[in-house]
Amino acid sequence: MIAQSFTVANPAGFHVRPIKSFVQAAGEFPCKVSVSCKGKTVNGKSSLSMLTLGIAAQDEVTLEIDGEREEEAMKTLGELLVRIHE
Amino acid sequence: MTKQLAGIAASPGIAIARAVVLNAEEYVPVRTTVAQPERETARLQAAIGQARAEIERIRAATEEKLGAEKAAIFEGHLLILEDPDLIETAESRIREEAVNAEYALYETAQTFVEALLALDDETLRERAADVRDICGRIVGILRGAPKRDLSLLSDECIVVAGDLAPSDTAGLNLEAVRGFVTEVGSRTSHSAIMARSLDIPAIVGAGPGIRDIPDGALVAMDAVEGLLLIDPSPEELAAYADKKEKYERRRDELRAWASRPTASADGRRVEIAANIGQLEDVQKALDNGAEAIGLFRTEFLYMGRDRLPTEEEQFRSYKYVLEKMAGKPVVIRTLDVGGDKELPYLGLPRESNPFLGRRALRFCLSRPDVFRPQLRALLRASRFGNLKIMFPMVAVLEELVEAKRLLEEEKQALVSSGVEVADRIEVGIMIEIPSAAVSADLFAEEADFFSIGTNDLIQYTMAADRMNETVSYLYQPYHPSVLRLIRHVIDAAHAAGKWVGVCGEMAGDLTAVPLLLGLGLDEFSMSAGSVLPARERIGSLSHRDWQTLSKQALTLSGSEEVQSFVQARMEGRQDA
């Protein structure tokens, strides 16, 4: 299991489109992806659960990834968290 | 008797038609125990499959009608249909509690609806509507009561509903639907966003009063003001019909200006730019035909948070705007805080006279740890478009020289570490302090351009705080003293071969525009909503005539005299 924290840079927060990219990317990996923000932890492969985190710009988000190809998943998903989405 | 309701004008326009009232009540499935849960999970899977096919069809129709961007929300819907936390949880509920599929799905969806509605962020709260929409569709299929198809509406009508789900608005038959009114919602609701892109007048959040509107009642809606008349009198009806015609004529006239270059009637080309304060504003600027970004206020990056933005965050924002403008000029103003705009995390001392205090560039020069990262971010972003850098609140030449020195240092450091930076970046200043206006010729040696911040320039020239009601009468944009300063700045810049813009409210003020054009202003930068009326105004003016007229205006005794002089000329009168 590996864990790392990221700060969300997207000025509009982490809403529908960024979450869609994130969940789709997470779905490509066999490992388990947990996303924590403001004391709540959810399944990173569920867009609805991700929405309920209410992630805003500058929030710190922690990824916990466990299983096959976890390093690769951390790199891909971490990059999506800090990117600016259209 | 006419009944009047008020709501939020979500998409502008005026409409008069009969109401089609959609049943706003939500169906709540009843819990029943089932003998064979596996049959229920199979029913659920089948219903999800059908819902997917329906949404896919709506998505395709929306893409055809409105383009891929608007259809993207339905991709989000398709994603919900595959959401493991929704579907797998509903299935395990069916198995573990031996309940019907409708109930299991509804209850599971409800937990998400409630969690979303509890969030602070309005945009996220609106997503609860997506969950309701999808869940309602699946439940409807399960119970054999599919959703009413709004694409079948054939007579002219105004749709009245509790709320319109995205799949409803996408399916609306545009030939028939003249507008819509909802009980709930905000400007950022799906229905509101859709209405704007479909160009249908819409009033949202009109409240529970809409439940009393009978199906088929005559409704007149003014979605400019957010007003709704039910069963209007013949007089009211005539007034609305008149308002509608005027509104639509004016809208069409203005739209024609979006794709035209800005030029006076006798062919002098000037530039109309937009002021932006956040990334979302760029699209609005482009939609309104702005030829540049004349003022990008960077404060949004610093405010409403608990620490400084990183260089990387700033870089991404600047790059985004530069790329979005695709080679059109983007003037980015460095941080303009301090004084009244506080950044609590910097722990700045309170000043007794903040407007005359250590704000903007004064603050930045005293805090290189804040200023240098912004300069680096700007330089790194410079190769992604046509960047111009502007320093605010410059009073004396030394400040500009010092700011340019820091910029050059950062540039050399970046270049020597192998970072690509644009060769030529114009560096200009805001003219908002009278000292800078009066000695503009001195600054013209060092600056590539000037942008006159009229809001502050007027306050500082008149020594009057325009927020202070007792002296706000002194806020006089048309006063000859202000106009003379502007003329002096323009003349000094032009003598040195530099360009001048105005980025204060005056730039979009239709009375000030003829004077500024006549004085030789090169760039007018304003809020996106003012771009088209200003371009239309400039197109109606003779630059040559206003060169003479603006000189005359500067000899008048006061603001009111100038204002009536311009207005009389605009109306073709020579008497004033």
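Every chain is numbered from 1, with letters handed out A, B, ... down the list of sequences. Since this is a predicted model, take the numbers as computed values, not measurements.
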The reported gap from CD in A:Gln24 to CD in B:Glu82 (rounded to nearest 0.5 angstrom) is 8.5 Å
Chain A shares the most heavy-atom pairs under 4.5 Å, among B:Leu86, B:Leu79, B:Asp83, with B:Asp83
Cut-off 4.5 Å, heavy atoms of chain A, and the answer for B:Asp85 is both
Listed by number, the residues in residues 311-319 of chain B that come under 4.5 Å of chain A (heavy atom to heavy atom) are B:Glu313, B:Arg316, B:Ser317
### Task
Please report the C-alpha distance between B:Arg127 and A:Ile19 in whole Å, then the side-chain angles of each, then the deciding distance to 0.1 Å, and finally whether the side chain to side chain contact (heavy atoms under 4.5 Å, CB included) criterion is met.
CA-CA 12 Å; B:Arg127 301 286 75 77; A:Ile19 284 178; over 6 Å; no
Minimal heavy-atom distance between B:Ala115 and A:Thr52, with the atoms involved, is CB-CG2, 3.5 Å
Here the gap from B:Leu301 atom CG to A:Gln58 atom CD, rounded to the nearest 0.5 Å, amounts to 9.0 Å
May I ask you to check whether over 12 heavy atoms, not counting those of B:Asp369, lie within 6.0 Å of atom CG? yes
By residue number, those in residues 38-51 of chain A with heavy atoms under 4.5 Å from heavy atoms of chain B are A:Asn43, A:Lys45, A:Ser46, A:Ser47, A:Leu48, A:Ser49, A:Leu51
Under 4.5 Å to a heavy atom of chain A? For B:Arg307 that would be side chain
